[in-house]
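Structure first, commentary second.
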Protein chains: 2
Amino acid sequence: MTTMEKGKPGRRGRPREFDQERVLDRAMTVFWRHGYEGASLSELQRATGLAPPSIYNAFGSKQGLYEACLDHYTEGVGSRVTEPLDGARADREGMRRVLMNAAREFSDPDRPRGCMISTAALSVGERHTDVGRAVCARRARTLGAVEAYLVRAQQEGRLSAQADTAALARHFGAIIQGMSVQAGDGADRAELEAMADVAMGAWPPG
Amino acid sequence: MTTMEKGKPGRRGRPREFDQERVLDRAMTVFWRHGYEGASLSELQRATGLAPPSIYNAFGSKQGLYEACLDHYTEGVGSRVTEPLDGARADREGMRRVLMNAAREFSDPDRPRGCMISTAALSVGERHTDVGRAVCARRARTLGAVEAYLVRAQQEGRLSAQADTAALARHFGAIIQGMSVQAGDGADRAELEAMADVAMGAWPPG
DNA sequence: CTCTTTTCATAGTGATCACTACAGAATGAG
DNA sequence: CTCATTCTGTAGTGATCACTATGAAAAGAG
């Protein structure tokens, strides 16, 4: 413990030679396409251009890198899907826009198909149960955001007071998860949008 | 090529010492819980009580055992879910019963949660893309069965002729897939049933 | 009995897994 | 400058992966 005047982000030592955002984007794509267990460290090396020590110095472990990629995904694709939930008014149209956003994002030809979180780490090996819990927690957070939106719609008088907001939230969550599965299986944007339109029929009348 | 009088199931050689059904049941449970990649051969050995040579002699490979387990699942749990699709009349109530069956089966406390096929092998490693395709094909078959049921309902006049049966089938497929995800995340039977009830609101009126 | 066939048990195979020891290189602190 | 610190590249670590070589055991055929 020598003198360490400031707690500032002391730029001591050799500086990093890689762009963290770029690395996260490449690694995210690998995890997105192959899942946590299916993504090998050697493939992550190839994709990021980083040698193992750099990865471990920056992210601690494969799981650390994975969780950083989950955050990166949430901030990017995830926010583009759920953005209507932050709108001024909570109503049927906002919910519909969320589903349409998902249809668009999950079928983007420039990225892996489906959602990186909705259908990730559903069944992992015995040694990686904590990874499953981490992804589960993120799904729960999204489900909570949807339900909060529905409660808000109810309070604003745009959703029937009799509606079961928890069940409705689970329903729309299921649609998003199902769209993720089917996008991965090859469904295109138009098919996902048509499904989303059908799903909106579950929004209670009135 | 010596004399081989009959092509009958010649019971020549040392007989098997294990019960194939029992082995399939145990292996299925392991794959169901941990997925294809997450299930290690050593765990499958422990669960089935079989040594590697017995497994490979009987099923050829890990993938061969996996696909045998998928068939075993389809014949058991799967058929208990989709059984109403074979009913004499195709209508709203039949579709509802499928969802309710799924809610019950996916939350059975005596088995792994969720569906072994609906949400399996969605993102696998580079070396196992054929496993992903095999599971995808089974999901496509189920989706086709649902759509055929809806077409039948339409022909029988119990579903509006204007209804988009393909989109409706995708919708109910998504509900089943979403129930599988959420069951795995801890949703109980009552929650899944409530979600299914909401989803039935997407069945076109008339 | 012998011969062939099939299954079973032991004990491994090379390959790949996630991860790290080590030393050199690049910076700031003093 | 020297020292401490942080990062990078090389070259591995033991562990586990799916899988198999080998030979004995257990059955039918002749």
Side-chain angles (χ1 to χ4, degrees), chain A residues 1-20 22-23 27 30-31 34-69 121 124-131, chain B residues 1-20 22-23 27 30-31 34-69 121 124-131:
Chain A
M1 199 63 110
T2 56
T3 51
M4 203 180 293
E5 309 217 326
K6 299 276 287 291
K8 273 290 279 296
R11 286 270 145 269
R12 301 232 308 241
R14 181 175 174 173
R16 292 216 171 127
E17 295 178 0
F18 61 88
D19 175 11
Q20 181 126 348
R22 188 175 192 75
V23 162
V30 173
F31 280 126
H34 297 298
Y36 176 75
E37 290 175 319
S40 69
L41 217 63
S42 63
E43 192 182 0
L44 291 165
Q45 287 183 73
R46 269 189 283 118
T48 61
L50 262 55
S54 293
I55 295 179
Y56 282 82
N57 180 55
F59 304 101
S61 63
K62 183 186 177 187
Q63 181 175 344
L65 174 58
Y66 183 61
E67 299 197 20
C69 289
V124 300
E126 292 179 311
R127 302 226 173 76
H128 304 127
T129 54
D130 44 350
V131 171
Chain B
M1 201 61 107
T2 58
T3 53
M4 201 180 292
E5 311 217 327
K6 300 276 290 285
K8 276 288 282 297
R11 286 268 145 269
R12 301 232 308 241
R14 179 173 175 174
R16 290 213 170 130
E17 295 179 2
F18 60 88
D19 175 12
Q20 182 124 349
R22 190 175 190 76
V23 163
V30 173
F31 279 126
H34 297 298
Y36 177 74
E37 290 176 320
S40 68
L41 217 62
S42 62
E43 191 182 1
L44 291 165
Q45 287 183 65
R46 268 188 284 117
T48 61
L50 262 54
S54 294
I55 295 179
Y56 282 83
N57 179 53
F59 303 102
S61 63
K62 183 187 178 187
Q63 181 176 343
L65 174 59
Y66 183 61
E67 298 197 18
C69 289
V124 302
E126 291 179 312
R127 302 223 174 79
H128 304 129
T129 54
D130 44 352
V131 171

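All values derive from a computational prediction rather than experimental measurement. Just so we're on the same page: letters track the sequence lines, and every chain starts at 1.
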- prompt: Roughly how many Å is it from CZ in B:R127 to P in D:dT16, rounded to a whole number?
  reply: 19 Å
field: Interface residues of residues 34-45 of chain A with DNA chain C (non-hydrogen, below 4.0 angstrom)
entry: A:A39, A:S40, A:L41, A:S42
field: Residue pairs involving residues 35-48 of chain A (criterion side chain to side chain donor-acceptor pair (under 3.5 Å); sequence neighbours excluded)
entry: A:H34-A:E43, A:E37-A:H128, A:S40-A:S42
Donor-acceptor contacts under 3.5 Å from residues 52-59 of chain A side chains, at least two apart:
none

statement: Contact check, residues 52-66 of chain A vs DNA chain D, heavy-atom distance under 4.0 Å, returns A:P53, A:S54, A:N57
statement: Sorted by chain and residue number, the side-chain hydrogen bond (donor to acceptor under 3.5 Å, both in side chains) partners of A:Q63 (sequence neighbours excluded) come out as A:E67
query: Looking only at heavy atoms, what is the nearest atom pair of B:A121 and B:V131, with distance?
result: CB-CG1, 4.3 Å
- request: Enumerate the residue pairs fulfilling salt bridge (charged side-chain N to carboxylate O under 4.0 Å, His left out) with a member in residues 49-61 of chain B, sequence neighbours excluded, ordered by first and then second residue.
  value: none
task: Please report how far the helix from C:dC1-D:dG30 to C:dG30-D:dC1 bends, comparing the axis fitted to its first five pairs with the axis fitted to its last five, to the nearest 10 degrees.
output: 10°
Shorter than 3.5 Å, N or O on both sides, protein versus nucleotides 23-27 of chain D: list them out with atom names.
from, atom 1, to, atom 2, distance (Å)
D:dA25, N3, B:R14, NH1, 3.2

- prompt: For A:R14, what residues pass the salt bridge (Lys or Arg N to Asp or Glu O under 4.0 Å) criterion, not counting sequence neighbours?
  reply: A:E17
Atom-to-atom span, CD of B:Q20 to P of C:dC8 - whole angstrom: 10 Å
- request: Could you tell me the separation between the CG atom of A:L50 and the P atom of D:dT6, rounded to a whole number of Å?
  value: 18 Å
- request: Identify the two heavy atoms, one from A:V30 and one from A:A47, that lie closest to each other, and give their separation to 0.1 Å.
  value: CG2-CB, 3.5 Å
Separation between CG of B:L50 and CD of B:Q20, rounded to the nearest 0.5 Å: 9.5 Å
- prompt: In chain order, what residues pass the salt bridge (Lys or Arg N to Asp or Glu O under 4.0 Å) check against A:R16, with sequence neighbours excluded?
  reply: none
